[in-house]
Protein chains: 2
Amino acid sequence: MAQECPRVSALLSRIGDKWTVLVVMLLREGPRRFSELKREIGGISQRMLTSTLRGLERDGLVTRTVYPTTPQRVDYALTRLGHSLREPVEALGDWALAHLDTIDRARREFDGRTEAHAATPARGVARVVRLQSRSPASHK
Amino acid sequence: MAQECPRVSALLSRIGDKWTVLVVMLLREGPRRFSELKREIGGISQRMLTSTLRGLERDGLVTRTVYPTTPQRVDYALTRLGHSLREPVEALGDWALAHLDTIDRARREFDGRTEAHAATPARGVARVVRLQSRSPASHK
DNA sequence: CGGTATCCACTTGGATACTG
DNA sequence: CAGTATCCAAGTGGATACCG
C-alpha cells in the first residue's frame, strides 16, 4: 500500500505530459500515420510527436510499423497493453468531465479570496474562528 | 468525445506533477498537519509541499485549517471532491501495478534494440518485412 | 513523408535563508 | 511550526533547419 504510491506517481508523470493522452485517445479508433496524428492533434510540433510516440513505443503501448514505400509511410497502433490503459484513463476523464465545473468554481472562489489580500484579510482568519469553536485540539 | 481529450489532458497535467498524487494518497486516511506530510513523504521540499497543497486547495480538493495556537498548527484534509478523485486515481494505480513488470520488460527490450544501433540494424527493417507481407496497402 | 539536430524560452523543482 | 522569498540547475517543449 505504501510502496505503490511512487509507482502511481511515476505512471502519472509518464502519461501526464502534454501530449501522451491525446495520442492514445486518437489511436483508440485504429492505426494512424505520423502525419495523420500530427494533423489531427493540431498544436503539436514534429519533435514532440516523435518523442511522445517513442515513449509510448518504448513502454510497449504502441507499435511502430514502417512501410518502405516512396514516400515513406509509418503507422502507429495501440498494443493490447495500450488499449488496456484506456479504461483507467477514460475513468479519469469521466471524473474530470463530471467535476470540471465544480473545480472551476472552486478556483475562481480561491482566486477571488487570495487576490483580495489587502482589502479583506478573509483567508484563514474567519474560517479559523468557526473551526476552532468546535474541538480544535482533539485531533490526534 | 473530441473535446473531452484536452480536459483529460489538463487534469492529468494537474495531478501528474511530482507530488500531488502522493499527498492525496497520504490524506486519504484522514487529516494531516503540514509537518506530518513533510515527514511522511520524505523527499519533498518545504516549497514544493506548500505549492502542491495550495494547488489542491485551489481546486477544492483539500481544505486548509489554521489553528492559531503557539506554535502554529495547520491541518490539511481531503474534501468530498478530493475523496472522489481517489477512485479513478487508484484504478490507474492498480493498472500500473498490474503491468509494471510488462512495461519494464518492454523498456529493456526497446533499449537493447536501440542501443545496438551500429551492430544490428534490427529496428524497423525486420518487422517491416513481416508486416509488409500481409496487406500493407489496405489500411484506410 | 517521417523524421533528427540544434537552439532557445519557459517551467519545474531543489536548496537555502528568512519571517510571523 | 508553517510558511515566504530568492536563487539556480535541470527538464520540457516550441521553432527552425536539415536529412534519407
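Each chain gets a letter, A, B and so on, in the order the sequences are listed, and its residues count up from 1.
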A/Arg80 and A/His83: side chain donor to acceptor below 3.5 Å: no

Straight-line distance of B/Ser13 OG to A/Trp19 CH2, nearest 0.5 Å: 10.0 Å

Pairwise distance CZ(B/Arg107) to CG(B/Asp104) - rounded to 0.5 angstrom: 6.0 Å

Whether the side chain of [X] engages the backbone of [Y] through a donor-acceptor N/O pair (distance < 3.5 Å, no angle test) should be reported.
| X | Y | value |
| --- | --- | --- |
| B/Thr79 | B/Leu61 | yes |
| B/Thr20 | B/Asp17 | no |
| A/Lys38 | A/Leu49 | no |
| B/Glu36 | B/Arg33 | yes |
| A/Arg14 | A/Gly55 | yes |

How many whole angstroms separate atom [atom1] of [X] from atom [atom2] of [N]?
| X | N | atom1 | atom2 | value |
| --- | --- | --- | --- | --- |
| A/Arg32 | C/dC1 | CZ | P | 17 Å |
| B/Phe34 | D/dT4 | CZ | C1' | 11 Å |
| B/Glu57 | D/dA2 | CD | C1' | 13 Å |
| B/Ile44 | D/dG3 | CD1 | C1' | 13 Å |
| A/Leu49 | C/dC1 | CG | C1' | 13 Å |
| A/Arg64 | C/dG3 | CZ | C1' | 8 Å |
| A/Arg54 | C/dG2 | CZ | P | 12 Å |
| A/Leu37 | C/dC1 | CG | C1' | 13 Å |

Closest to side chain of B/Arg73, choosing from C/dG2, C/dT4, D/dA2: D/dA2

Closest nucleotide among D/dA2, D/dG20, D/dG3 to the B/Tyr76 side chain: D/dG3

Short side-chain N/O contact from A/Ser35 to OP1 or OP2 of C/dG2, under 4.0 Å: yes

Angle by which the axis turns from one end of the helix from C/dC1-D/dG20 to C/dG20-D/dC1 to the other, five pairs per end, to 10 degrees: 40°

Show the distances under 3.5 angstrom between N or O atoms of the protein and N or O atoms of nucleotides 9-13 of chain D.
residue: D/dG13; atom: OP1; partner: A/Lys18; partner atom: N; Å: 3.2
residue: D/dG13; atom: N7; partner: A/Arg47; partner atom: NH2; Å: 2.3

salt_bridge(B/Asp75, B/Arg73) N-O dist < 4.0 Å: yes

Residue whose closest nucleotide on DNA chain D lies nearer the 5' end, A/Gln46 versus A/Gly43: A/Gly43

